[in-house]
Amino acid sequence: MSIDEEKKSDSITEDVVAVTNDSDDFRLLTAENRKAGERSLIRKLDSRLMPTAVVIYLLNYIDRVAVTAARLQGLEADLGLSDVQYESILAILYVTYCPAQIPSNMILSYISRPSFYIGACVVAWGLTSALTGVTHNFAGIMACRVFIGLPEAAFYPGIMYLLSRWYTRKELAVRSAWFYCGLLISNAFGSLIAAGILAKMEGVLGLAAWRWLFYIEGAITMFFGFLTMWLLPDFPHNTRWLNAAERRLAQVRLAEDAGEADKDADDLTIYDGLVLAIKDPKTLIFMVMACSQLLGLSYINFFPTLTATLGYDNTITFLMAAPPWVFASICCVLNAWHADRTGERFFHIASWWWVVIAGYIISLCTMATGGRYFSLFLMTTGYCGFALTLAWVSNAIPRPPAKRSVAMGLVNGFGNLGNMIGSYVWKASWGPQYRQSMVIALCSLIFSTILGVVMRMILIRENKQMDMVEKKLMEGPGRERIEEAARLEGISFEEAVKRRKGFRYLY
């Protein structure tokens, strides 16, 4: 092993944040304990972090899109909204939601207790959602929509960043998908919850049912926000519900996964992370790709309206909106599981866009109930690809964490501009066929595919450059050292080379 390699190897251990000086901290790093220790650690994270993230995301999207369910039960008439004003209250959320994600993730990479920060944001958006029920005019509901975007901005990119601080590259995709299932399930069961509230609460205490929808969903969100402060982990070096040995193991395995410690240099500030992210061309490509992708999937904010074009009453419409999202949830998890098994990213993301394009083509060709409803199933699967987008960003821009955190905020923040633009794409005047809307969305997904191909080519090229560097190191004296190491370990030269191979991007 060369001097530089020895230094790199030593730095992985040295840069891991110290937990204590007790030798018991290292007991899970021994050969006999390592495998069982990792299984136990991942099981704890999967049983605590993942369910919490899924439930919060479910509540997050139910709160955010409750206004689309309320529309079918008289919200527009009660507040005197025109079509343009209704489109504006959908779009205005993204005016604060998108840009706020960048400073939020910068803060998250700087503070030591993300569980408190994210929990407080959940409580804040639950309160704002509940206050939407007391509005009486366009100005009031606009104010609520503006302010709900600020605390919500902390959640999705924040949780994705938190996942990247705990799971390795080969574990991250399926966890990202389980997390994203919260959104997909919220579209299914959110519609059912809305149907129940809107059907049973009309006139209770003299209030319209749509007001009860905001009160009840907001109160549930606030309650769970306080639980979140206890349930979520912080970072691997300071999580309260892990013991010292588990915290040490969590840090070491992330360091081994990337060939360096998953921590920022002492002199690296959150502003340095911003500069590094902006200078990386991969960040810009991912930003535009995410924006185009979400414009292509912007039907989500109008899904109850699209389901209503099938011609059924409100309750049946809400019930029929659920099965496509249940189907998408199953596809999402299976797709991510296979992505982690293979280490492939592009086709596990882009192929679902092509399925959505097929759904749009079917809808453009027919208004028959069966064909139209089948197309809704195909359209929902597009989010199977989006669920892996930030996981791909994390894989492609892995270190330092400050750069990764900002990059994820930039990509998701800019990407959600696609949803804001989409608020004006699905015009009521273009219904019930929505042909113009579907053509715009279809073209956006084609553009996303082109950008995805560009990103894949960039990562393949960078991997080849790393191969060339390692190949040079294995010539002459370097090869002799590897052969000697193989002889001492009793393995073949090829196996020794495979063990020595360093970090590679997933594409």
Side-chain angles (χ1 to χ4, degrees), residues 9 11-57 108-109 111-116 118-119 158-182 227-264 333 336-337 339-341 343 390-391 394-395 398-399 401 404-405 499 503 506:
S9 178
S11 71
I12 292 176
T13 303
E14 290 172 1
D15 287 345
V16 171
V17 179
V19 181
T20 71
N21 292 322
D22 192 339
S23 61
D24 190 53
D25 292 0
F26 297 89
R27 62 183 170 83
L28 294 180
L29 302 182
T30 61
E32 60 270 20
N33 294 331
R34 175 67 183 265
K35 199 168 184 178
E38 272 201 69
R39 282 200 304 266
S40 175
L41 174 64
I42 293 172
R43 192 160 52 245
K44 281 188 177 182
L45 292 171
D46 287 346
S47 63
R48 190 154 177 167
L49 168 55
M50 294 311 304
T52 303
V54 169
V55 172
I56 300 174
Y57 207 179
L108 195 62
S109 69
I111 61 176
S112 61
R113 297 294 181 190
S115 57
F116 290 163
I118 292 175
I159 288 289
M160 284 300 301
Y161 173 65
L162 193 60
L163 292 179
S164 75
R165 293 297 299 267
W166 285 98
Y167 293 104
T168 65
R169 287 173 298 155
K170 291 295 185 73
E171 297 166 349
L172 188 58
V174 74
R175 270 76 184 185
S176 301
W178 275 113
F179 166 49
Y180 204 74
C181 277
L227 285 181
T228 297
M229 299 178 189
W230 171 72
L231 289 169
L232 279 183
D234 293 308
F235 294 123
H237 69 277
N238 67 342
T239 293
R240 295 154 292 177
W241 42 265
L242 294 178
N243 60 45
E246 289 171 326
R247 293 197 291 270
R248 175 74 66 179
L249 176 60
Q251 295 171 75
V252 169
R253 70 192 213 97
L254 266 292
E256 291 174 349
D257 183 56
E260 58 182 286
D262 192 37
K263 68 186 290 288
D264 295 314
V333 173
W337 173 81
D340 271 348
R341 294 270 294 186
L390 285 194
S394 177
N395 296 151
R399 302 290 185 276
R404 180 175 77 234
S405 172
R499 287 188 183 184
F503 171 83
L506 301 181

Asker: On the ring face of W230, is R48 found with NZ or CZ under 6.0 Å from the centre and within 45° of the axis?
Answerer: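 R48 over W230 ring: yes.
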Asker: Let me see the working for L41 and R247 under side-chain contact (heavy atoms from CB on, under 4.5 Å), right down to the final yes or no.
Answerer: CA-CA 9 Å; L41 174 64; R247 293 197 291 270; over 6 Å; no
Asker: Given 3.5 Å as the limit, does a donor-acceptor pair link the side chain of S164 with the main chain of Y161, or not?
Answerer: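 Such a contact is found between S164 side chain and Y161 backbone.
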Asker: Find the distance between CG (L232) and CD1 (I56) and round it off to the nearest 0.5 Å.
Answerer: 5.0 Å
Asker: Does L231 form a side-chain contact (heavy atoms from CB on, under 4.5 Å) with L49? I'd like the steps, not just the answer.
Answerer: CA-CA 7 Å; L231 289 169; L49 168 55; over 6 Å; no
Asker: Rounded to the nearest 0.5 Å, how far does CD1 of I118 lie from CG of L108?
Answerer: 5.5 Å
Asker: Start with the C-alpha distance between Y167 and D46, add both sets of side-chain angles, then the distance that settles side-chain hydrogen bond (donor to acceptor under 3.5 Å, both in side chains), and finish with yes or no.
Answerer: CA-CA 10 Å; Y167 293 104; D46 287 346; 2.7 Å; yes
Asker: Kindly give the heavy-atom pair with the smallest separation between R240 and S115, and that separation in Å.
Answerer: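 Taking every non-hydrogen atom into account, NH2-OG, 3.1 Å.
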Asker: Quick one, S176 and M160 - any side-chain contact, counting heavy atoms below 4.5 Å?
Answerer: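 They are in contact (side-chain heavy atoms under 4.5 Å apart), so the answer is yes.
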Asker: Could you pull out all residues at least two apart from T168 that satisfy side chain to side chain donor-acceptor pair (under 3.5 Å)?
Answerer: E171
Asker: When rounded to the nearest 0.5 angstrom, what distance separates CD in E246 from OG in S40?
Answerer: 5.5 Å
Asker: Which heavy atom of L172 sits nearest a heavy atom of S394, and at what distance?
Answerer: CD2-OG, 3.5 Å
Asker: Under the rule for side-chain contact (heavy atoms from CB on, under 4.5 Å), what residues qualify as partners of V54, not counting sequence neighbours?
Answerer: none
Asker: Hey, are the side chains of R39 and K44 touching, using non-hydrogen atoms and a 4.5 Å cut-off?
Answerer: no
Asker: If the condition is side chain to side chain donor-acceptor pair (under 3.5 Å), which residues does K170 pass it with, not counting sequence neighbours?
Answerer: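 Once residues adjacent in sequence are excluded, K170 has no partner under the side chain to side chain donor-acceptor pair (under 3.5 Å) criterion.
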Asker: What's the separation between atom CZ in F235 and atom CZ in R165, rounded to the nearest 0.5 Å?
Answerer: 5.0 Å
Asker: Restricting to side-chain contact (heavy atoms from CB on, under 4.5 Å), what partner residues turn up for W337, sequence neighbours left out?
Answerer: V174, R341
Asker: I'd like to check I111 versus F116 (side-chain heavy atoms, cut-off strictly below 4.5 Å). Are they in contact?
Answerer: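 Not in contact.
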Asker: Not counting sequence neighbours, which residues clear side-chain contact (heavy atoms from CB on, under 4.5 Å) with E38? List them please.
Answerer: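 Per chain and number, E38 pairs via side-chain contact (heavy atoms from CB on, under 4.5 Å) with R34, L249, R253.
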Asker: Go through it in stages, so that I can follow the logic: the residues are N238 and R113, the test is side-chain contact (heavy atoms from CB on, under 4.5 Å), and I'd like the CA-CA distance, side-chain angles, deciding distance and then a yes or no.
Answerer: CA-CA 8 Å; N238 67 342; R113 297 294 181 190; 3.9 Å; yes
Asker: Name all residues meeting the side-chain contact (heavy atoms from CB on, under 4.5 Å) criterion together with T239; count only those two or more places apart in sequence or in a different chain, and write none if there are none.
Answerer: W166, P233, D234, W241, L242
Asker: Would a 4.5 Å heavy-atom cut-off, applied to side chains only, mark Q251 and P236 as touching?
Answerer: yes
Asker: I'd like to know if the side chain of S47 reaches the main chain of R43, judged simply by a donor and an acceptor atom lying under 3.5 Å from each other, with no hydrogens or angles considered.
Answerer: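 Looks like yes, one N/O pair under 3.5 Å.
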Asker: To the nearest 0.5 angstrom, please state how far the CZ atom of F179 sits from the CG atom of L162.
Answerer: 9.5 Å
